[in-house]
Amino acid sequence: MSERVSAGTRFHLVLPAAGSGQRMSADRPKQYLEIAGRTLLQHTLERLGAMDCFSSIVLVLAPDDPWWPDIESQLASALQKKILVVDGGAERCDSVRSGLLALQAKAGSNDFVLVHDVVRPCVRQSDVRLLMDALSDEVAGGLLATPLRDTLKRADDAGRVAMTVDRARLWCAATPQMFRYHILRQALEKVSVENRKVTDEAEAVEALGYQVKLVQGRADNIKITYPDDLPLAALILGAMD
Ligand code: C5P
């Protein structure tokens, strides 16, 4: 990693996993669906938890999540000890805010926080390092993203093409997203006070007027959203192991 990160700057990981995953139409939240005998949550936790760069790992779960105790008991004890579990909120941004609050006593204001959706189990450690290295000099931070591959159509109410959107300079936002602790806290507090919904951290930070850097990551860092994402993730994970 770059030496430009000033001595003493630390990295903390926040993993929002408090969603219900309704679009998946499964009998459990999607983070508890399995690929090759391990839940998505385990795949993500074990890969990122194996990196020695994180000073803290905060896992944000739904209050009274009934699936976690069994999963926790299957984790290596060193990893179990490193994870701080906190309750999430109604929206993803509420869950991340709760994770940040839990870091209050641990994180310096200029420390970086990486927020990663646990339902992106195919994230590579190399992409995480790439992100950390690319953002070390940034005032606020940035995110992994991929340039849009497909031609983009905007639909009208009847489901017909209203227009073709120029894809030049369009990117798909992924995670981890990495920001200075004090900036992300401030950004998400503002979102909460204004009762706005944002679907990623970057949007909240952008709204404060900061520049947010895009770092090109791998396109196979997919988010599990619909049932047919699972077999694709299984293929990607199979090729990684
Ligand atoms: O629903 P979506 O795919 O956008 O969720 C992305 C991530 O945010 C998931 O890991 C999900 O568990 C988490 N989430 C959360 N709290 C919520 C909603 C979603 O932690 N209220």
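Just so you know, ligand 1 is whichever comes first in the structure, and atom 1 is the first atom listed for that ligand.
- Annotation: K213, atom NZ; neighbour count of heavy atoms from other residues, nucleotides and ligands within 6.0 Å does not exceed 12.
- For atom 16 (N) of ligand 1, the closest non-hydrogen atom of the protein is S95 OG, 2.7 Å.
- With hydrogens and angles ignored, the 3.5 Å screen pairs no side-chain donor or acceptor of Q177 with any backbone N or O of V115.
- Counting only heavy atoms of the protein, atom 20 (O) of ligand 1 lies nearest to A18 N, 2.8 Å.
- Summary of contacts: the protein heavy atom closest to atom 4 (O) of ligand 1 is K223 NZ, 3.0 Å.
- No more than 12 heavy atoms of other residues, nucleotides or ligands lie within 6.0 Å of CD in Q211, so this atom counts as exposed by the packing criterion.
- Geometrically, ligand 1 and V60 share no nitrogen or oxygen pair separated by less than 3.5 Å.
- The protein non-hydrogen atom at the shortest distance from atom 7 (C) of ligand 1 is D117 OD1, 3.4 Å.
- For T225, the heavy-atom gap to ligand 1 stays at 4.0 angstrom or more.
- Protein heavy atom at the shortest distance from atom 12 (O) of ligand 1 is G19 N, 2.9 Å.
- Listed by atom number, the atoms of ligand 1 under 4.0 Å from V118 heavy atoms are 10 (O).
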_Before you tell me yes or no, could you show the steps for L48 and L13 under side chain to side chain contact (heavy atoms under 4.5 Å, CB included), namely the whole-Å CA-CA distance, both residues' side-chain angles and the distance that decides it to 0.1 Å?_
CA-CA 9 Å; L48 296 184; L13 181 63; 3.8 Å; yes
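- In terms of protein heavy atoms, atom 3 (O) of ligand 1 is closest to K30 NZ, 2.7 Å.
- Heavy atoms of other residues, nucleotides or ligands lying less than 6.0 angstrom from CG of D64 number 12 at most.
- Per-residue contacts place G89 under 4.0 angstrom from the following atoms of ligand 1 (heavy atoms of the residue considered): 17 (C), 21 (N).
- Checked by atom type, the side-chain pair E72/Q80 shows no donor-acceptor distance below 3.5 Å.
- Residue E91 touches ligand 1 through its backbone alone, judged by heavy-atom distances below 4.0 Å.
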*Given the rule in the side chain to side chain donor-acceptor pair (under 3.5 Å) test, do R185 and Q104 qualify, once you have shown the distances and angles that lead to the verdict?*
CA-CA 10 Å; R185 272 274 322 249; Q104 184 152 297; 2.5 Å; yes
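- Close approach of ligand 1 to A90 (heavy-atom distance below 4.0 Å) involves ligand atoms 21 (N).
- Taking a cutoff of 4.0 Å between a charged side-chain nitrogen and a carboxylate oxygen, D220 and R124 qualify as a salt bridge.
- Ligand-side atoms of ligand 1 in range of V119: 9 (C), 10 (O), range being under 4.0 angstrom from any heavy atom.
- Distance from atom 10 (O) of ligand 1 to its nearest protein heavy atom, with residue and atom name: P16 O, 2.7 Å.
- Residue contact annotation: G88 has no non-hydrogen atom under 4.0 Å from ligand 1.
- For the 3.5 Å distance criterion, the side chains of H12 and S55 fail to qualify, holding no donor opposite an acceptor.
- What sits closest to atom 1 (O) of ligand 1 on the protein, heavy atoms only, is R23 NH2, 3.7 Å.
- Checked options T199, D200, D117; the residue passing with R92 is D117 (criterion: side chain to side chain donor-acceptor pair (under 3.5 Å)).
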